[in-house]
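In what follows, a single structure is set out as structure tokens and then discussed.
Both counts, for ligands and for their atoms, begin at 1 and track the order of listing. No hydrogens, no waters, no symmetry mates; every other heavy atom, side chains included, goes into these values.
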Amino acid sequence: MAQTGEDHEKAVETLTEAEAAQELAELAEKLGAANLAYHRDDAPEISDAAYDALKARNAALEARFPKLKRADSPSEQVGAPLAEGFGKVRHAVRMLSLANAFDDEDITDFDARIRRYLNLADDAPLTYTAEPKIDGLSLSLRYENGTLVQAATRGDGSEGENVTENARTIADIPQKIEGAPELLEVRGEVFMSHADFEALNTRHAAQGGKTFANPRNAAAGSLRQLDPEITRARPLSFFAYAWGALSAPLADTQSGAIARLAAMGLRTNPLTKRCEGPMELLAHYGEIEQQRATLGYDIDGVVYKVDVLALQGRLGFRSTTPRWAIAHKFPAELAWTRLDAIDIQVGRTGALSPVARLSPVTVGGVVVSNATLHNEDYIAGMDSTGAPIRDGRDIRIGDWVQVYRAGDVIPKIKDVDLSQRPADAAPYSFPETCPECGSEAIREPGDSVRRCTGGMACPAQAIEKLKHFVGRTAFDIDGLGARQIEMFFHDESLPIREPADIFTLEARDAKNLAKLRNRDRFGEKSTANLFAAIDEKRRIPLARVIFALGIRHVGENAANLLANHYSSWTAFAAALDQIEIGAGAEWEELISIDGVGAVMATSLVTAFRQEAERAVIDRLVAELDIQDAEARNTDGSPVAGLTVVFTGTLEKMTRAEAKARAEALGAKVAGSVSAKTDLVIAGPGAGSKAKKAEDLGVELIDEDAWLALIDGQ
Ligand code: IVH
């Protein structure tokens, strides 16, 4: 906790000029830190009252000594001082994450999926690499002619923060490397060893400073210091395990490429091993798990990658994860504690989510006091089909429950100890009305959650939708986070109740007599910054808009797929307007997008049909300049822009690979033949679709002709 100011205060009248200057400098620093904690980190470090006291003191000092008013005076700049954070870096090659696997079967499925995709027999040799999954944060290092020129965090995968100067302070990161291609982006993990973590926390505790919950937080907090000298004082380490942009290939295999990185002077993980097939992967997983406690740094699983890079290339990517790699996570950490209460939270789609309030307990080094209870069935001891879980044991307030954390996710409750159940503990009765707006909360057949029927009229849903809208992977507006949304939502003179309101904020403020800039916590500069940050986001990529709408079942992946498919907002909205759920060519086109199913499609169409929701969308779109999805670079592709349909059995590649390749070449792959189809690729056994193509006069070719057509692409 920062000092509040009262405890060392001398009356302003009695201060000398030097004392006042000194105090003004301290106040600028304290208020600056409080603003950052409040606006940027959403983690206030001082109470509102303490903040106000500091501001009042600052104002009093400035009033008595006007000429001491600082250039960075806190009275001028409150709010969101984000501009002077790190510069942004666009990654030349996106930084992706990994799909997760939790048990042996997930790994045999992973192997089977890859074989199916590549059309490899079950017993054909297939080599993988297996290596520890380091629990830190990923970093991309750009070397030009062997010299480190830039380091960037992952950020949202497309754009990260420029932390070059900080990265230069890490001993494992060489400034120069030997034998590298002209351009080489090395990717790997920054982490803090257990020993360094303990020492750092001991040092901080001794100085009365902040201690970190775990080495990962310590590493992240240390790398993202605005002052590189602070990073230098924090002992960070780095393992290289991948690469981004390259001017020349490193090797033919993953293992070969990693060996080259090591030869260049980068630190790579010694437990990396080549494995033949899934059984060897699982054996190596067991070995790494055995060594986990003595490694001296945190790992949270083992990463498997297809070794041959040409195969990685064929397998390619889903929208945010490679098909050729998977993270096999370690089982979660567990602890017992008491369930003190169950609260119900209402999410953006109206879902009523039960949250367990727990007596605080440490699980895997982190203090946990909340956990998800999923839904009412989970509390009652059954799954969504009515089959018992925990042998049918229900969960009651007052129970001893077992909590676990897997990775970064919200803690969950695994089990309950009936022998410790208080005699008066009653079965939990799940609310049938929304605790936020009082509307009826109903459970649709087949849905595992109960939902508030209040729609846009439910303040909880509206707020959560807005928070989602401004989230980091959606509109990501500097200075407008969850806290500010809460504040503006309840504001009477300058409310934000729907997304369009964000973009009319400045114009509405101009008409108000009481201006935002005159409010506490919003000075001249921060208000201007906020308006500028909002304006900057009027121009926004299509995928972000689709995702930001917060339509149920439409996540980031789906939004990307939809944006790539429809290319422009006009085409997307027009298609949705025409679609009839479950029928017609437009419906078929929508559900033929790989990754879009009938459930998501229904949810999308329903949202666009729902009058109030549609009006909200239209008002928003009127404020924006939505950028078309970037066309893939399909120069020279003979099939760019064509709508193609695959039918029958393909013999040279699987349907999934054929589809992915066609899409990569700029073709649209549809599920059914219509007048819009340009080309049908028919394998043996093609039935009605081939017939329909003939009837419509659509060009029909076989697989070999298709391969010849796209040869070399
Ligand atoms: S490979 C395209 N290898 O885990 C795939 N990632 O959960 C690039 N991570 O974002 C990642 N150890 O930050 C890879 N040996 C390892 C890793 C690793 C840790 C992190 C990385 C990634 C995250 C995904």
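- Figure legend: cation-pi geometry between Lys414 and Tyr404, with NZ or CZ positioned under 6.0 Å from the six-membered ring centre and within 45° of its axis.
- The 12-atom threshold is exceeded at CG of Asp106, counting heavy atoms of other residues, nucleotides or ligands nearer than 6.0 Å.
- Remark: aromatic rings of Phe212 and Phe197 are distant, center separation not under 6.0 Å.
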Could you go through ligand 1 and list every pair where one of its N or O atoms sits under 3.5 Å from a protein N or O, giving the atom names and the distance to one decimal?
residue	atom	partner	partner atom	Å
ligand 1	3 (N)	Lys305	NZ	3.1
ligand 1	4 (O)	Lys133	NZ	3.1
ligand 1	7 (O)	Lys133	NZ	3.2
ligand 1	12 (N)	Ile134	N	3.0
ligand 1	13 (O)	Ser138	OG	3.3
ligand 1	13 (O)	Glu189	OE1	2.8
ligand 1	13 (O)	Glu189	OE2	3.4
ligand 1	13 (O)	Tyr241	OH	3.2
ligand 1	15 (N)	Glu131	OE2	2.7
ligand 1	15 (N)	Pro132	O	3.2

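- Classification of the His328-Tyr285 ring pair by plane angle, with boundaries at 30° and 60°, yields parallel.
- A salt bridge is defined here as a Lys NZ or Arg NE, NH1 or NH2 lying under 4.0 Å from an Asp or Glu carboxylate O, and Asp111 with Arg115 meets this definition.
- Residues passing the salt bridge (Lys or Arg N to Asp or Glu O under 4.0 Å) test with Arg232 are Glu229, sequence neighbours excluded.
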